[in-house]
Amino acid sequence: MTTSSEHQAYDFAYVQEKWLPIWDRIEPFKSGRVDDARPKKYVLDMFPYPSGDLHMGHAEAYALGDVIARYWIQKGFNVMHPIGWDAFGLPAENAAIKRNADPRDWTYENIATQKASMRRFACSFDWDRVFNTCDPEYYKWNQWLFNQLHKRGLAYRKDSAVNWCPSCQTVLANEQVVAGLCERCDTAVTKKKLNQWYFKITDYADRLLDDMEQLEGKWPDKVLTMQRNWIGRSQGANVKFVIEGRSEPVTIYTTRPDTLFGATFMVVAADSALAAELAAGGPVEKEFSDYLEKIKAASDIDRLATDRPKSGVDLQRFAINPVNGEKLPIWASDYVLADYGTGAIMAVPAHDQRDLDFARAMKLPVRVVVETGEEDPAVTGVATSGDGTLINSGSLNGLNKEQAIAAITAQLEKDGLGSAARNYRLRDWLVSRQRYWGTPIPIVHCDKCGEVPVPDSELPLLLPEAKGLDLKPKGQSPLAAATEWVNTKCPQCGADAKRDTDTMDTFVDSSWYYLRYPSSTNHSEPFNRAEIDTWLPVDQYVGGVTHAILHLLYSRFFTKVLYDLKMLNFTEPFTRLLNQGMVVMDGSAMSKSRGNLVRLSDELEHHGVDAIRLSMVFAGPPEDDVDWADVSPSGSVKFLSRAWRLSGDITSQPGVDFSTGDISLRKATHKALHDAAFAVESFRFNVAVARVMELVNATRKAIDSGCGAADPAAREAVEAIAIMLSLVAPFTAEEMWERLGHKPAIALAGWPTVDPALLVDDEVEAVIQINGKIKDRMQVAPSISDSDFEAAALALPSIIAELKGATPKKVITRAPKLVNIVL
RNA sequence: GCCCCCGUAGUCCAAUGGCAGAGACAGAGGACUUAAAAUCCUUCCAGUGUCGGUUCGAGUCCGACCGGGGGCACCA
C-alpha cells in the first residue's frame, strides 16, 4: 500500500479509496447514544425516491445538507442526520410493467445502488436509522395512522367528481394536477365521478394558515406565500335567497355583501345538484342537459383558458333578493364552481369582471352600486372592483366598502338572512389510488357493518404478491384481481366481506416519515414519545422547492392531527427550511431528451467527490439554481490541491502552542473561522468557501514569504482550513488532518474557538468625505472615539485645503470608518 | 389578470445605508523549465437594468418602468 507521503501530488481517487473503509469502522455520524450530553440538532434532507442512481440534483442537495450537518457536529452538537427511501409509487410500478418484473425488486435494487453512491459521496448519514416506506414495518404504521384518522372522522369516503389521469389510470389529488396536466406524465386530466377516500385537511385550514406565524423568517417567504395562496382563505358572507317555487332558500357566498343591491341575476354551478334540480321538469330541461354534456366533455385545459367566452343556460327560475325583493333570473354556468362556497353566487356585474363578462354575453342588466369615480362598467366592459361610495343601496348609501360590508353583514345576521362566512380554496386531500405499489387501505367492506377497519393487531395488512397480478392500469386497482386477498371475513361480525382494493397516495408515507427516524426499529409503535420529545421538531429541513405545497402542507397537517391525538407536543414539524435550487445545464433542466444531461458518475470520475461537492456549494447561494455550464469542477480540484499542499508544508508538531505564532496570520485565521461560521449559519455557504479560499491564499503567502512553515501560526491556519473544509470536502480534509499528524476523524475535531482579541485590527483605514465624496484616507486605531476621530479628520492638511476656511454645516462621524463633512 | 423573487465586470457571484470587489471561472503577462504540464506571482475588465424620490451618504430603502424567473389562475 502506498503511504500518503509517497503521494506528493493531490490524488483524489487514492484519498477516496483510502478513507471510506476507515470511516466505515469509525462511524463518526452515529447519533443519539444514551450517554450523549451534547445538545441535539436534527438535520434532515428530504428522502429520495429510488428511481435509478443518484443524479446531479441529489449531489447538490446532499452536499448542502452535509455542510449543515457537519457544521453542527463541529460546533459540538449531537446531530441526527438520517436518510431513508420514499419507495412506494408509480415509477416502480411502470418499470415493473415494462420489464414484466416485480416492483419490489426494481425498488430494492435501486435503493442499494443509491445507498452505495451515498456512501461514496461521503454523506454524513446515520446509517443505523435507515428505513424504506415500502417496508411492511413502515407501512404498517401508515395503516395504523389511517385507522386513527378514520376513527376520528378525518378519513372518509365520498362520491365526487375527481381528477383522473387517463394515462396513469388513477385519481390525482388537486395538488398533483399542474396546469390541468398530470404532474407525473403531463397527460390532460379529466373529471370522473368516483367514490374515493379523503383526509379532512380542510378542518385544519385555519390552523395551517395561522401557525405559519411560527415559521415567519425561518422558512423561505416564497414557500409561506405559496401555502397561503394554496389554502386561499377568503372572508365574506353567506346570504339566503328565496327561490320561487322552492320551499328551501338557496344560500350564496360572497366576499362583497356590500354590493348586494347591485345583484342583477344569480348563477348556479352547472354541474351542481341544485342546477339539475332547478332545471328538472321545466321548459329548459333539454337545453340544460345538452349544456351539461358539453361542459363535461371539456378538459381542464379548455377550462383554464382565461379568455374563454362565458356560456350558460337561463333556467327560467327566479330568486328574490333579500334586501330589496327584486326578482333575479337564475342561470346555470360552468364559470361557477360546484365545490367552492355553496356552488351558487349572486352576480353583481358592475363590480365583478366575471359577472360583467357574463352579463354582456347574455344581455343582462348592469347596476352600479359603488361609485368609484371610474367609467360606467356597462359601457367600458371593465368592472369596478375597488373602494368607493355606496349608491342605489338603501340604508348603505354614503358608506364606503368596508363600512358597508360591516353594516350589511350585521343587518343580515339580525334579520336571519345571512351571516359572516369564510371559504377556502383548499379541498380535502384525496388519498386513494387505483394502483398496486402503495400501502393497502386497511378497510374491510362488510354488507352488514359497512366500513370496518382492520384491527390494529392484524397490521400490517400486507400487499399481496405482485406475481400473477396484472399491474397494467385499467381504472381499477390491480389488488381487485387478488381474489384470495380481497375476500375476507368482517373483523366485526365474521361474515364474508371484501377488502378495500385501493392503495394510499405516497404522500401519506412522506407526511410523517421524519417522526420515524428516532425510532426506526421500534416494532410496537410508529414512534416513541420519549425519543420524539428528544429529537423533534426537525431543526433544519433541506429539500427542493418543488415540495413547497404538497409534501410540506401534508406534513404540517399530519403534525397537527398527531398533536391533537396527544402523540406530539409541537404543532409545526420543521423549524427551519432551506430550499435548494436545481442543477441545470445551459439554463434549462437536464434531460436525456434535451441532450444536456450531465451524469453524476462521470463528473465524480473526472474530478472526484470533493471537487463536485465543492463546486455545488461554491456555485452560488444555495437557493439559486446551479448552472453546471457556469461552474468549474477543475477549478475546485485546483483549489483543493492547493489546500492539501499546505498540510505537507507544516513542520511544527501537533499540539504546539499557537499563542506564540505570527500575529497577522493568526488574525487571518480567526477572522476566517468567525466569518465562515457566520456565513454557514446564514446559509451563505458560497461565502463560507470564499473565506476559506482567502485563508488558503494568506497561508500560502505566509509560508512562502512571511512567517514560514515552522511558525505555530502556520499550523493553526492549516488546521483551521482542514476543519472548515471538512464540511464540504471531507476526503481532502481528512487527508490533510492526517498529514498534520492527527488521527481520524476530522469530522469530530471540533470547530476551533475563536479568540475575540484576534478579531480586532490594529489599525483601520478610515475614509474622509466632503459632501459624500471621498477626499482622503487615514489610518486610525479601531478604538478611536468619535470626537478624536473627527478632530483628526478636520486637521488633515488635504481637508483643510479643500475646506478653504469654510465652516462645515454638519459633520457625520462613524468611528472608526468614516467622517463625512457636509458644507 | 393577480401575487412573489431577481437584475453588480466577459461569466458565476461578494458587499450590518458608509471606500463597489471578498472569492472564483475565463483572458493577458511574467517567474521556474531545454520545453511543456504543474506551481507561484502580476494584471486587464463594470460604477450596480432605466428614471425619479428619501438621506450627509443608496447596489442596499421607497415609487414607476423595462427585462428575467417562479407561483396562482373563472375560488365569487
Side-chain angles (χ1 to χ4, degrees), chain A residues 9-10 178-180 220-230 232-234 236 252-257 259 263 267 269 303-308 310 333-337 339-348 351-355 357-358 385 423-427 545 548-549 581 587 614-615 618-621 623-627 629-636 638-639 641-642 645 675 678-679 684 686-697 700-701 704-705 765-774 776-777 808-814 817-823:
Chain A
Y10 172 71
V178 179
D221 288 341
K222 185 180 163 182
V223 174
L224 295 177
T225 307
M226 282 167 72
Q227 293 218 353
R228 281 195 189 97
N229 291 342
W230 187 262
R233 180 161 65 193
S234 87
I252 61 97
Y253 173 73
T254 178
T255 54
R256 291 295 302 276
T259 63
V267 187
R303 213 160 296 178
L304 284 170
T306 43
D307 49 358
R308 205 164 60 100
K310 291 280 187 285
S333 173
D334 64 347
Y335 89 90
V336 170
L337 306 177
D339 60 350
Y340 183 78
T342 59
I345 63 155
M346 66 169 191
V348 185
H351 307 297
D352 182 279
Q353 191 59 49
R354 296 153 301 188
D355 296 346
D357 292 344
F358 191 83
S385 57
N423 263 302
Y424 305 89
R425 220 194 60 107
L426 183 72
R427 306 294 146 88
V545 73
I549 298 173
L614 177 68
S615 299
F618 186 55
E623 315 80 40
D624 289 7
D625 286 352
V626 173
D627 194 328
D630 291 330
V631 309
S632 168
S634 59
S636 297
K638 209 168 106 180
F639 164 70
S641 68
R642 216 166 123 78
R645 226 175 301 119
D675 291 358
F678 181 70
R684 283 145 55 242
N686 53 326
V687 177
V689 171
R691 294 289 96 87
V692 182
M693 288 174 167
E694 249 177 304
L695 184 59
V696 167
N697 292 342
R700 178 80 268 153
K701 200 169 275 184
D704 290 349
S705 56
E765 189 178 58
V767 175
I768 318 302
Q769 300 177 328
I770 293 177
N771 288 337
K773 299 228 167 10
I774 297 158
D776 206 351
R777 293 151 202 277
K809 216 182 283 173
K810 203 195 268 182
V811 180
I812 287 109
T813 307
R814 295 283 178 274
K817 306 199 75 168
L818 166 139
V819 175
N820 187 16
I821 301 157
V822 185
L823 293 179

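Residue numbering restarts at 1 for every chain, and letters A, B, ... go by the order of the sequence lines.
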Using the C1' atom in both, what is the distance from B:A64 to B:G27, to the nearest Å?
-> 40 Å

Given B:A76, is OP1 or OP2 found less than 4.0 Å from the side-chain N or O atoms of A:Tyr340?
-> yes

Looking only at atom P, what distance separates B:C40 and B:C45, rounded to whole Å?
-> 25 Å

Sugar-phosphate, base or nothing in reach of A:Phe639, heavy atoms under 4.0 Å = nothing

Provide the distance between the two C1' atoms, one in B:C44 and one in B:A26, to the nearest whole Å.
-> 12 Å

Testing B:A20, B:G18, B:C25 for proximity to the side chain of A:Arg814, the answer is B:G18

Compare the minimum distances between each of B:A22, B:C40, B:C25 and the side chain of A:Arg691, then state the nucleotide with the smallest one.
-> B:A22

Describe the nucleic acid contact of A:Glu765 in one word from base, sugar-phosphate, nothing, applying a heavy-atom distance below 4.0 Å.
-> base

Return the nearest nucleotide to the side chain of A:Val336; candidates are B:A76, B:C56, B:A20.
-> B:A76

Phosphate OP1/OP2 of B:A24: any A:Ser636 side-chain N/O under 4.0 Å | no

Would you tell me if any nitrogen or oxygen in the side chain of A:Asn686 comes within less than 4.0 Å of OP1 or OP2 on B:A14?
-> yes

Of all the nucleotides listed (B:A76, B:G71, B:A73), which has the minimum atom distance to the side chain of A:Arg425?
-> B:A73

Base of B:G47 relative to its sugar, syn (within 90° of 0) or anti?
-> syn

Nearest-angstrom distance, P atom, B:C61 to B:U48 | 16 Å

From the options B:A22, B:C72, B:U42, select the nucleotide whose nearest atom is closest to the side chain of A:Glu694.
-> B:A22

A:Lys701 side chain: which of B:G18, B:A14, B:U42 is closest?
-> B:U42

Kindly say if A:Asn697 contacts the phosphate of B:A24, meaning a side-chain N or O under 4.0 Å from OP1 or OP2.
-> yes

NA contact type, A:Leu818, heavy-atom cut-off 4.0 Å: base, sugar-phosphate, or nothing?
-> base

So which nucleotide from B:C25, B:C3, B:A14 ends up closest to the side chain of A:Pro621?
-> B:A14

Rounding to the closest angstrom, what is the interatomic distance between B:C65 and B:C56 at atom P?
-> 28 Å

Do any side-chain nitrogens or oxygens of A:Arg645 fall under 4.0 Å of OP1 or OP2 in B:C40?
-> yes

If we take the P atom in both B:A58 and B:G17, what is their distance in whole Å?
-> 14 Å

Look at all strands and tell whether A:Asp355 reaches a base, only sugar-phosphate, or nothing, counting heavy atoms closer than 4.0 Å.
-> nothing

Taking the six-membered ring of A:Tyr335 as reference, does the NZ or CZ atom of A:Lys310 fall below 6.0 Å from its centre and within a 45° cone about the axis?
-> yes

Base, sugar-phosphate, or nothing for A:Val348, non-hydrogen atoms under 4.0 angstrom?
-> nothing

Checking all strands, does A:Asp630 fall into the base, sugar-phosphate, or nothing category for heavy-atom contacts under 4.0 angstrom?
-> sugar-phosphate

Taking pairs as Watson-Crick (N1-N3 plus N6-O4 or O6-N4) or G-U wobble (N1-O2 and O6-N3), each distance under 3.5 Å, the stems of three or more consecutive pairs with RNA chain B are B:1-7 with B:66-72, B:10-12 with B:23-25, B:27-31 with B:39-43, B:49-53 with B:61-65

For B:A35 versus B:U50, give the span between their P atoms, rounded off to a whole number of Å.
-> 49 Å

Candidates B:G70, B:G23, B:A14 - which lies nearest the side chain of A:Phe618 = B:G23

For A:Lys817, answer base if it contacts any base atom (sugar-phosphate contacts may also be present), sugar-phosphate if it contacts only those atoms, and nothing otherwise; contact means non-hydrogen atoms under 4.0 Å.
-> nothing

Of the candidates B:A76, B:G18, B:U39, the side chain of A:Lys638 sits closest to B:U39

When the C1' atoms of B:U11 and B:G1 are considered, how many whole Å apart are they?
-> 36 Å

What is the nucleic acid contact for A:Arg684, judged by heavy atoms within less than 4.0 Å: base, sugar-phosphate only, or nothing?
-> sugar-phosphate

